[in-house]
Participant: 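This is the structure, below, for whatever I ask next.
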Protein chains: 2
Amino acid sequence: MDDLDRQILSILRRDARTPYTEIADRVGTSEGTVRNRVDRLTEEGIIERFTVTTQTGNVKAMIEVSVDMNVNTSAVSERLADWEEVDFVWQVSGEDDIVLVVDCVDTQAVNGLITRARELNEVKGTTTRLILDERLG
Amino acid sequence: MDDLDRQILSILRRDARTPYTEIADRVGTSEGTVRNRVDRLTEEGIIERFTVTTQTGNVKAMIEVSVDMNVNTSAVSERLADWEEVDFVWQVSGEDDIVLVVDCVDTQAVNGLITRARELNEVKGTTTRLILDERLG
DNA sequence: TATGAAAGACTAACTAA
DNA sequence: TTAGTTAGTCTTTCATA
């Protein structure tokens, strides 16, 4: 991870469709170098995924899920990540154990997810915050 | 936004580099239709951005920032979004007003961000949670 | 929806450090 | 041995009908 990698990543974060040739021009190297480095960054897992950020619905929310002690948090996370409408599942330090970031068509759909989460045996409770505005870094 | 749109988005979310021809095959339509729809979704703002998710450092964290009443939260958010290492800035409902999602090389760098946030006049306080594990939906 | 032209990405052979 | 370059080829995208 050197400065060239960081420059490439910063361009890809803004627009992952930027052609290698254009990235190469902007950072002052060749197309092949950019490609090799993107490949390497992907293999190393520094680039996790090429994706799209969406606003499919009108409501995004953070759902904080607290789980019982002695529960396999990773297993629960994995199941939650499979749910439609879930963008991220984070295991976090602090009071609650899991944070879901979701993107739903409406508040009712958010509510559906919360209900589903609460129905899991491992889940003690949830706290939800609506994301009123999002800015990408 | 119909079911075909949703299928296309779900493929792009997993891998935004999937060729239109392959998407077309998988959803049972033509390349041109996929292209037109992706264009439309992008114009409508449903696709916000083609991007990469990264793990540039070892530490991701959620920094919850509470701001003073009577503060222009949007203006603060905008400034925070410009900081290096910041992936998302959310204005949220609930107790704290802004949530930063950051990706840093180490805990010290996280700490640097927290310090910087606390130095802003508008900021009353912060709470930080380390993201110990992330799964993409 | 089909087709050809243009743009972009990939392969592989080569060079330099 | 590793990183970078380049030319040629193949794939994808895009515009047009």
Side-chain angles (χ1 to χ4, degrees), chain A residues 1-57 81 84-85 87-88 103 134 136-137, chain B residues 1-60 84-85 87-88 103-106 108-109 134-137:
Chain A
M1 261 298 268
D2 59 10
D3 204 57
L4 187 55
D5 284 340
R6 271 183 284 272
Q7 285 182 69
I8 293 169
L9 283 179
S10 128
I11 291 171
L12 289 176
R13 249 202 294 275
R14 311 274 155 186
D15 180 5
R17 289 182 143 186
T18 314
Y20 289 159
T21 46
E22 185 187 328
I23 298 174
D25 279 352
R26 283 165 61 184
V27 304
T29 186
S30 69
E31 179 270 341
T33 299
V34 174
R35 186 157 33 79
N36 291 336
R37 280 175 179 248
V38 172
D39 288 351
R40 202 200 67 235
L41 290 166
T42 306
E43 270 162 30
E44 286 174 353
I46 291 170
I47 294 176
E48 292 167 328
R49 188 183 285 191
F50 284 78
T51 187
V52 289
T53 57
T54 55
Q55 187 80 45
T56 61
E84 273 298 321
E85 305 163 309
D87 283 352
F88 300 104
D103 177 5
E134 172 175 80
L136 306 177
Chain B
M1 260 300 267
D2 58 11
D3 203 57
L4 187 55
D5 284 340
R6 271 183 284 275
Q7 286 182 67
I8 293 169
L9 284 180
S10 126
I11 291 170
L12 289 176
R13 268 160 35 91
R14 311 273 155 185
D15 180 5
R17 290 182 142 186
T18 315
Y20 289 158
T21 46
E22 185 187 328
I23 298 174
D25 279 352
R26 283 165 59 183
V27 304
T29 186
S30 69
E31 180 269 338
T33 301
V34 174
R35 182 156 38 80
N36 292 335
R37 281 178 179 244
V38 171
D39 288 351
R40 202 199 68 236
L41 290 166
T42 305
E43 271 162 29
E44 285 174 351
I46 291 170
I47 293 178
E48 292 168 328
R49 190 184 283 190
F50 284 78
T51 188
V52 289
T53 57
T54 56
Q55 185 82 46
T56 62
N58 304 310
V59 194
K60 287 196 182 189
E84 272 297 322
E85 305 164 310
D87 283 352
F88 300 104
D103 177 4
C104 293
V105 288
D106 53 28
Q108 212 171 352
E134 173 176 77
R135 272 159 224 273
L136 307 177

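Proteins get letters first, then strands, A, B, ... in listed order; numbering begins at 1 in each.
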Participant: Residues two or more places apart in sequence or in another chain: which of them pass salt bridge (Lys or Arg N to Asp or Glu O under 4.0 Å) with A/Arg37?
Facilitator: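 Here the qualifying residues are A/Asp2, A/Asp5.
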
Participant: So if I define the base as every atom that isn't primed, P, OP1 or OP2, how would nucleotides 12-17 of chain C read as a B/S/- string at a heavy-atom cutoff under 4.0 Å?
Facilitator: ------

Participant: Looking at residues 18-34 of chain A, who's got a heavy atom less than 4.0 Å off DNA chain C?
Facilitator: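 Within residues 18-34 of chain A, the residues near DNA chain C are A/Pro19, A/Tyr20, A/Glu31.
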
Participant: For a 4.5 angstrom cut-off between non-hydrogen side-chain atoms, does B/Val105 reach B/Thr56?
Facilitator: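 Contact flag for B/Val105/B/Thr56 side chains = no.
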
Participant: Would a distance-only check, ignoring hydrogens and angles, find a side-chain to backbone donor-acceptor pair under 3.5 Å from A/Arg49 to B/Ala16?
Facilitator: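 Not confirmed, A/Arg49 side chain does not pair with B/Ala16 backbone.
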
Participant: For A/Glu84, does the CD atom have more than 12 heavy-atom neighbours from other residues, nucleotides or ligands under 6.0 Å away?
Facilitator: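 Counting other residues, nucleotides and ligands, CD of A/Glu84 stays at 12 neighbours or fewer.
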
Participant: Quick one, B/Gln55 and A/Ile46 - any side-chain contact, counting heavy atoms below 4.5 Å?
Facilitator: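 Of all side-chain heavy-atom pairs linking A/Ile46 with B/Gln55, none is under 4.5 Å.
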
Participant: What I'd like to find out is whether the side chain of B/Arg13 reaches to under 4.5 Å of the side chain of A/Asp87, using heavy atoms alone.
Facilitator: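 Contact flag for B/Arg13/A/Asp87 side chains = yes.
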
Participant: For A/Leu12 and B/Thr51, run side-chain contact (heavy atoms from CB on, under 4.5 Å): C-alpha distance rounded to whole Å, both residues' side-chain angles, the deciding distance at 0.1 Å, then the answer.
Facilitator: CA-CA 6 Å; A/Leu12 289 176; B/Thr51 188; over 6 Å; no

Participant: I need the residues from residues 41-49 of chain A with at least one non-hydrogen atom less than 4.0 Å from DNA chain D; give them sorted by number, or say none.
Facilitator: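 Those residues: none at all.
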
Participant: Within 45 degrees of the ring normal and closer than 6.0 Å to the centroid, is that where the cationic atom of A/Arg35 sits relative to A/Tyr20?
Facilitator: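 Verdict for A/Tyr20: no cation-pi partner in A/Arg35.
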
Participant: Any heavy-atom pair between the side chains of B/Glu85 and B/Asp103 that's under 4.5 Å?
Facilitator: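 No, every pair of side-chain atoms sits at 4.5 Å or beyond.
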
Participant: Between which nucleotides of DNA chain D, 5' to 3', does chain A make heavy-atom contacts below 4.0 Å?
Facilitator: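 Answer, 5' to 3': D/dG4 to D/dT6.
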
Participant: Indicate the atoms forming the closest heavy-atom contact of B/Thr54 with B/Lys60, along with that distance.
Facilitator: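 Minimum heavy-atom separation between B/Thr54 and B/Lys60: O-NZ, 2.9 Å.
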
Participant: For the residue pair B/Thr42 and B/Glu48, establish whether any side-chain heavy-atom pair is separated by less than 4.5 Å.
Facilitator: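 No, side chains not in contact.
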
Participant: Find out whether A/Glu134 and A/Leu136 are in side-chain contact, i.e. whether some heavy atom of one side chain is under 4.5 Å from a heavy atom of the other.
Facilitator: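 Answer yes - side chains close enough.
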
Participant: Heavy atoms within less than 4.0 Å of DNA chain C: which residues of residues 8-16 of chain B have one? Give them sorted by number.
Facilitator: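 By residue number: none to list.
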
Participant: Does some side-chain heavy atom of B/Met1 sit less than 4.5 Å from a side-chain heavy atom of B/Leu41?
Facilitator: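 With C-beta onward as the side chain, the pair touches.
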
Participant: Do the non-hydrogen side-chain atoms of A/Phe88 and B/Arg135 ever get within less than 4.5 Å of each other?
Facilitator: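 Not touching, per the 4.5 Å side-chain cut-off.
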
Participant: Search all heavy atoms of B/Cys104 against all heavy atoms of B/Ala109 and return the closest pair with its distance.
Facilitator: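 Here B/Cys104 and B/Ala109 meet closest at CB-CB, 3.7 Å.
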
